[in-house]
Amino acid sequence: MTEKTKIIIIGRDETTRVILKDYVNEIEDAGVSAEFVECGHALEYAKQNECLIVIDISDDEQKSVEFISEINLQKKDAQIIAISNKTSTENIIKIMRAGAKEFITKPVTKTQFINTVTELSNYEKSNSGDNSCKIISTFSNKGGIGKTSIAVNLAVEIAEMTKEKTALIDLNLQLGDVSTFLDLTPAFDVCYVVNNLANIDKTNITNALTRYKNTSLYIAADPINIENSKEITVEQIKSLILELKKTFSYIIIDVGTNIDAKTITVLDMSDLILLTAIVNLPAIRNIQRCMNLFKKLNYPPEKIKLVLNRYMENEEIKTSDIEDVVHRKVFWKIPNNYLTMMSAINKGVPVNVVNPEANISVNFREFASKVIDYLITQNITANKQNGYML
Ligand SMILES: Nc1ncnc2c1ncn2[C@@H]1O[C@H](COP(=O)(O)OP(=O)(O)OP(=O)(O)O)[C@@H](O)[C@H]1O
Ligand SMILES: [Mg+2]
């Protein structure tokens, strides 16, 4: 016998609560386990109980968004349906960004509500919730373009911005330098973690990674011994990522430059590939080659985003020239700021610690925000296509 889905209903408007309870009564495998007028009063109950939360945010949006963020911070797989009479895309993004899994516009119809609850609870049962994790890879088949700088600074900003568990994996198995960029002396490296995956306490996999200061960012560092790195198999990398997906909301991977089976496995598993180039002809030719490869691999266009690093205004080659050649829009440009970047690397800190006001620090904050919003928008689109979000 499958367990009934317990539902909490939260909202100031009594009529809406009554309607929602009525709808829940019609779902065979679900029941209302608690009802709250104020989200503040629901917090402890929601944290301590396995339940699907339905929250009407129309009357107190600010507090409701804080509540959703707080629950999501505590429980990665929190199943939250937000209901509102405000339906602008901006509003939906804000709510989804806080951690709601679904958004329903008021007035809520019975079919729509029942479908959403059923889909969400079935999804949770069959997926153990690990699909909400997003994997972002920084990639270029050319060395020295800035992949590690981007992976590190983006990961720091995403963790800071979302406060959600974020993993940064260095897959440059022979020449990695994420730990140097963040001045870490990891207790375990990627080799140790993959070789001991079977023995690691899966409920606390964060212990096998290195926490970056007091943040929600955890690092799987590059192998200490080059010889060990050769022993890591494609299957091991795949298992590591699948395991991390259960705990982390975001996984950022600094992928190696070689196009081999390990790289392709990681790119296959990624939700977003940040294909990185600098503005010169050889780099642009390489981008074309990568695009051709991705086409052969049948990657959907929305999975690949073009990032120009070390960008300078008044470049001889214009952004539009690149876009014409590659047939893709540039997703993001990171300014050239050698002094700040070098100082950050030499000190082993992200650029925002060297100077939070530097153009490159501001740029990375905005970049992280754009990446998060993009992934959320993609989720909304996918859910709409699946037909369970209006
Ligand atoms: N936006 C930037 N402005 C100025 N310098 C930069 C910028 N991004 C990266 N660099 C510099 O470029 C160099 C290479 O960067 P990084 O190590 O991140 O590249 P990579 O693609 O990871 O290289 P590899 O292929 O060796 O792993 C570093 O010295 C870094 O300081
Ligand atoms: Mg690198």
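Remember, it's 1-based here, ligands and their atoms both numbered in the order they're listed.
At a heavy-atom cutoff of 4.0 Å, ligand 1 is contacted by the side chain of Ile360 but not by its backbone. Here Ser140 has no heavy atoms under 4.0 Å from ligand 1, in either its backbone or its side chain. Using a 4.0 Å cut-off between heavy atoms, Ile150 makes no contact with ligand 1 at all.
Any N or O atom pair closer than 3.5 Å counts here, and Asn337 shares at least one such pair with ligand 1. Considering backbone and side-chain N/O of Met341, none are found under 3.5 Å from N/O of ligand 1. Residue-to-ligand polar distances keep Asp254 apart from ligand 1: every N/O pair is separated by 3.5 Å or more. An N or O contact shorter than 3.5 Å is missing between Phe181 and ligand 1 by distance.
Here is the list of ligand 1 atoms found below 4.0 Å of a heavy atom in Asn336: 3 (N), 4 (C). The atoms of ligand 1 that sit less than 4.0 Å from any heavy atom of Ser149 are 9 (C), 15 (O), 16 (P), 18 (O). Shown in contact with Gly143 at under 4.0 Å from a heavy atom are these atoms of ligand 1, numbered in order with element: 25 (O). Near Met342, meaning under 4.0 Å from any of its heavy atoms, are these atoms of ligand 1: 29 (O), 31 (O). Close approach of ligand 1 to Lys147 is summarised as follows: ligand atoms under 4.0 Å from at least one heavy atom of the residue are 18 (O), 19 (O), 20 (P), 21 (O), 22 (O), 24 (P), 25 (O).
Distance from atom 2 (C) of ligand 1 to its nearest protein heavy atom, with residue and atom name: Arg310 CG, 3.6 Å. The closest protein non-hydrogen atom to atom 23 (O) of ligand 1 is Gly144 N, 3.0 Å. Nearest protein heavy-atom neighbour of atom 22 (O) of ligand 1: Thr148 OG1, 2.7 Å. Looking only at protein heavy atoms, the nearest one to atom 19 (O) of ligand 1 is Gly146 N, 2.9 Å. The closest protein non-hydrogen atom to atom 30 (C) of ligand 1 is Ile345 CD1, 3.6 Å. Protein heavy atom closest to atom 8 (N) of ligand 1, with residue, atom name and distance, is Asn309 ND2, 2.9 Å.
When each of Glu357, Glu160, Glu157 is tested with Asn352 by the rule side chain to side chain donor-acceptor pair (under 3.5 Å), just one qualifies, namely Glu157. For the salt bridge (charged side-chain N to carboxylate O under 4.0 Å, His left out) test with Glu323, the passing option among Arg328, Lys318, Lys329 is Lys329; the others fail.
Under a 4.0 Å N-O distance rule, the pair Glu38/Arg12 qualifies as a salt bridge.
If you count the protein N, O or S atoms nearer to the Mg ion (ligand 2) than 2.8 Å, you get 1.
Assignment of Pro335 to the shell around ligand 1 is supported, since a heavy atom sits closer than 4.0 Å.
Side-chain contact, Thr148 with Asp254: a donor N or O sits under 3.5 Å from an acceptor N or O. Using modelled atom types, one finds no donor on one side chain facing an acceptor on the other under 3.5 Å when comparing Glu315 with Asn280. Residues Asn72 and Ser69 bring no donor and acceptor atom of their side chains to less than 3.5 Å of each other. In the model, Tyr45 has a side-chain atom that pairs as donor or acceptor with a side-chain atom of Ser33 under 3.5 Å.
Distance alone, capped at 3.5 Å, places no donor-acceptor pair between the Ser369 side chain and the Arg365 backbone. Formation of a donor-acceptor pair under 3.5 Å by the Tyr212 side chain with backbone atoms of Leu168 is not found in this model. A donor-acceptor contact shorter than 3.5 Å links the side chain of Thr263 to the backbone of Asn258. Using modelled atom types, no side-chain atom of Tyr250 and backbone atom of Ala159 make a donor-acceptor pair closer than 3.5 Å.
Side-chain contact between Met96 and Lys101: absent, with no pair of heavy atoms (C-beta onward) separated by less than 4.5 Å. Counting only heavy atoms from C-beta outward, the side chains of Met291 and Leu275 approach each other to under 4.5 Å. Side-chain contact between Leu308 and Phe331 is absent, with no heavy-atom pair separated by less than 4.5 Å.
Heavy atoms of other residues, nucleotides or ligands lying less than 6.0 angstrom from NZ of Lys106 number more than 12.
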